[in-house]
Amino acid sequence: MQVERSAASGMQHHLAASARAIPPSGIRRFFDLVSASKDKDIITLGVGEPDFVTPWRVRDAAVYALEKGKTQYTSNAGMPELREAIAGYLQSGFNVKYDPANEILVTVGGSEGIDLALRALIEPGDEILIPEPCYVSYSPITTLGGGVHVGIETFAEDQFKLTAESLRAAITPKSKVLILCYPSNPTGAIMTYEDLLPIAKIVEEHDLIVISDEIYAELTFTGQKHVSFASLPGMKDRTILVSGFSKAFAMTGWRMGYACGHPDLIGAMLRIHQYTIMCAPIMGQVAALESLTKGGLEEKDRMMESYNQRRRLVVQGFRDMGLECHEPQGAFYAFPSIRSTGLTSEQFAERLVLEAKVAAVPGNVFGKGGEGFLRCCYATSVAQLNEALERIHAFLRKLES
């Protein structure tokens, strides 16, 4: 009888409380709706993924490695030559120097790097400060680690930058980690050296550790150059820099990332990594290494030029149709306001799919400050973007009539 009752009630009671507390991804939930429509004419501006195929030279390097029989484990921390290449790339490109022997860990995508960093740092009840709107994974990973997510709202009038005043207001004696993601997913915001200096001062005053998600570092436009938080005075040892090859190098499916930081921090992350993952796949590591050669970097630069062209097209398109849209100076997202329509973000996004056949992500899924906005990824063809803009404009006219 007891067995029958358990079966009837499901298996939820066996789950850990932290697993039960995690809500389904707001992005995935929305795109399940898109998939359910089975309409092949839908233009998708929702998935944060380049439309470029991984450059041929990179794919060729991986194929050649397979043909030579490179199918074994690598060092837990990653191939030494890849870690050396990452160190050289970060020093020449972002003015931050790491020892490839004990300050760099190759991970399965940037997401694993963030997860490892939080698991290595969080004690139960620690507060993790997260500027929002933000990437949807930060809060659930914090919950899984036993931490407490503390969202810090950012605003369009501040270009969605974290301000020193809002950071100070959020800090308590339990604050331990600040997660930064600039250039930002979903807003496209960046922070300059001058923007980051007062943040660094507060970080030092309150003995915080910073996880700096710099996966979009290469996608910085309008003449600005990305500033790594680790490059600020006194911040290298307090920062775990997380990045990877998915976005700028068009390698999302390869799942190649890396984390850099103080040997004590990286060492702890490595111990977790070696028991849970062992090492990143060798074929992906070979491909990542090729991406950092001169030819690979030239391919990356060509893609960046195309994104910048599309960025200008999309932002101007939204403004021309009467939607306020702050200028995204990084990443490959536009974040227009749809408040003038009187619809919530989810209402607008759902009707946009059903009535205009354009899929974008409602801003509320990204946390505080996201309601009233729509995330639109412009990493798709110019032809598709032009068609999507026409459909959105027609949808807005229909709402006004």
Side-chain angles (χ1 to χ4, degrees), residues 45 48-52 89-90 92-96 131-135 154-164 180-200 212-232 241 243-244 246-250 297-337 360 363 366 369-370 373-382 384-386 388-389:
L45 304 180
E49 180 173 41
D51 64 320
F52 293 106
Y89 176 68
L90 292 175
S92 62
F94 305 107
N95 194 34
V96 59
E132 296 177 338
C134 70
Y135 177 49
T154 62
F155 302 92
E157 49 265 37
D158 297 323
Q159 297 180 303
F160 292 106
K161 297 180 180 185
L162 174 64
T163 65
L180 295 177
C181 179
Y182 291 96
S184 166
N185 172 12
T187 67
I190 67 167
M191 290 188 71
T192 65
Y193 187 86
E194 291 72 23
D195 294 328
L196 290 170
L197 277 178
I199 304 300
S212 185
D213 182 353
E214 302 184 16
I215 191 68
Y216 295 99
E218 294 84 359
L219 286 94
T220 304
F221 310 112
T222 66
Q224 298 285 352
K225 185 173 175 60
H226 173 70
V227 179
S228 173
F229 194 81
S231 71
L232 273 66
L241 187 162
S243 191
S246 291
K247 310 299 183 178
F249 295 89
L297 294 174
E298 289 172 350
E299 294 280 2
K300 181 261 298 179
D301 289 342
R302 279 193 283 272
M303 290 186 280
M304 297 309 101
E305 291 174 6
S306 178
Y307 290 136
N308 196 16
Q309 174 193 4
R310 303 175 197 187
R311 179 186 69 89
R312 293 192 296 265
L313 169 70
V314 168
V315 172
Q316 192 59 50
F318 283 129
R319 290 174 176 173
D320 288 346
M321 67 180 76
L323 294 181
E324 293 183 7
C325 185
H326 95 105
E327 183 173 7
Q329 296 185 25
F332 42 48
Y333 307 104
F335 205 57
S337 171
F366 300 102
F373 293 87
L374 197 69
R375 191 192 77 170
C376 300
C377 177
Y378 53 78
T380 190
S381 71
V382 170
Q384 287 279 83
L385 291 174
N386 278 321
L389 289 170

*Asks:* Quick one: does S306's side chain have a donor or acceptor within less than 3.5 Å of a partner on M303's backbone?
*Replies:* no
*Asks:* Check whether any side-chain heavy atom of P133 sits under 4.5 Å from a side-chain heavy atom of P186, and report yes or no.
*Replies:* yes
*Asks:* State, yes or no, whether a side-chain contact exists between S228 and L90 at a heavy-atom distance under 4.5 Å.
*Replies:*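 They are not in contact (no side-chain heavy atoms under 4.5 Å apart), so the answer is no.
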*Asks:* Would S212 and E214 count as having a side-chain donor-acceptor pair, cut-off 3.5 Å?
*Replies:* yes
*Asks:* Search all heavy atoms of E132 against all heavy atoms of F366 and return the closest pair with its distance.
*Replies:* CB-O, 4.0 Å
*Asks:* For a 4.5 angstrom cut-off between non-hydrogen side-chain atoms, does Y182 reach P131?
*Replies:* yes
*Asks:* Is there a side-chain contact between L232 and V227 (heavy atoms, below 4.5 Å)?
*Replies:*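 Yes, side chains in contact.
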*Asks:* Working to the nearest 0.5 Å, report the span between CD of Q159 and CE of M191.
*Replies:* 10.5 Å
*Asks:* To the nearest 0.5 Å, how far apart are NZ in K225 and CZ in F94?
*Replies:*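 Between K225 NZ and F94 CZ, I get 6.0 Å after rounding to 0.5 Å.
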*Asks:* Holding to ring pair (Phe, Tyr, Trp, His ring centres under 6.0 Å), I want the full list of residues that pass it with F229, two or more places apart in sequence or in another chain.
*Replies:*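 Not a single residue meets the ring pair (Phe, Tyr, Trp, His ring centres under 6.0 Å) criterion with F229.
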*Asks:* Work out which heavy atom in A331 is nearest to a heavy atom in F221; give both atom names and the distance.
*Replies:* O-CE1, 3.3 Å
*Asks:* How many angstroms lie between CD1 in I215 and CG in N185, if you round to the nearest 0.5 Å?
*Replies:*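 I215 atom CD1 to N185 atom CG measures 10.5 Å (nearest 0.5 Å).
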*Asks:* Where do G48 and C377 come nearest, in terms of heavy atoms and distance?
*Replies:* CA-SG, 4.2 Å
*Asks:* Under the side chain to side chain contact (heavy atoms under 4.5 Å, CB included) test, which residues partner D301, sequence neighbours left out?
*Replies:* none
*Asks:* Under the ring pair (Phe, Tyr, Trp, His ring centres under 6.0 Å) rule, collect the residues that match up with Y193, sequence neighbours excluded.
*Replies:* none
*Asks:* Of all the heavy-atom pairs spanning D195 and I190, show the shortest one and how long it is.
*Replies:* OD2-O, 4.5 Å
*Asks:* Of the non-hydrogen atoms in C325 and A334, which two are nearest, and what is the gap between them?
*Replies:* SG-CB, 4.3 Å
*Asks:* Can you list the residues that meet the side chain to side chain contact (heavy atoms under 4.5 Å, CB included) rule with E324, with sequence neighbours excluded?
*Replies:* S337
*Asks:* In sequence, state the C-alpha distance, the side-chain angles, and the governing distance for E305 and R302, and then conclude on salt bridge (charged side-chain N to carboxylate O under 4.0 Å, His left out).
*Replies:* CA-CA 5 Å; E305 291 174 6; R302 279 193 283 272; over 6 Å; no
*Asks:* Got a donor-acceptor contact below 3.5 angstrom from the H326 side chain to the T187 backbone?
*Replies:*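 It does hold such a pair.
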*Asks:* Kindly compute the distance separating CZ (R311) from CD (Q316), expressed to the nearest 0.5 Å.
*Replies:* 11.0 Å
*Asks:* Looking at residues at least two apart in the chain, or sitting in another chain, which of them share a ring pair (Phe, Tyr, Trp, His ring centres under 6.0 Å) with F155?
*Replies:*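 With neighbours one apart ignored, the set is empty.
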*Asks:* Take F335 and S184, measure what side-chain contact (heavy atoms from CB on, under 4.5 Å) needs, and give me the verdict at the end.
*Replies:* CA-CA 11 Å; F335 205 57; S184 166; over 6 Å; no
*Asks:* T222 and side-chain hydrogen bond (donor to acceptor under 3.5 Å, both in side chains): which single residue from Q329, E327, R312 fits?
*Replies:*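 It is Q329; the other options fail the test.
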*Asks:* Applying salt bridge (Lys or Arg N to Asp or Glu O under 4.0 Å), can you list everything that pairs with D51, at least two apart in sequence or on another chain?
*Replies:* R310
*Asks:* If you round to the nearest 0.5 Å, how far is CE of M304 from CG of L219?
*Replies:*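 These two atoms lie 4.0 Å from each other.
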*Asks:* Give the minimum heavy-atom separation between Y378 and Y333, together with the two atoms involved.
*Replies:*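 Result for this residue pair: CE2-N, 3.4 Å.
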*Asks:* Crowded around N95 CG? As in, over 12 foreign heavy atoms under 6.0 Å?
*Replies:* no
*Asks:* Any sub-3.5 Å donor-acceptor pair from K247's side-chain atoms to A217's backbone N or O?
*Replies:* no
*Asks:* Under 6.0 Å between ring centres: does that hold for F160 and F373?
*Replies:*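 They qualify: ring centres under 6.0 Å apart.
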*Asks:* Rounded at 0.5 Å granularity, tell me how far CG in L196 sits from CG in L180.
*Replies:* 7.0 Å
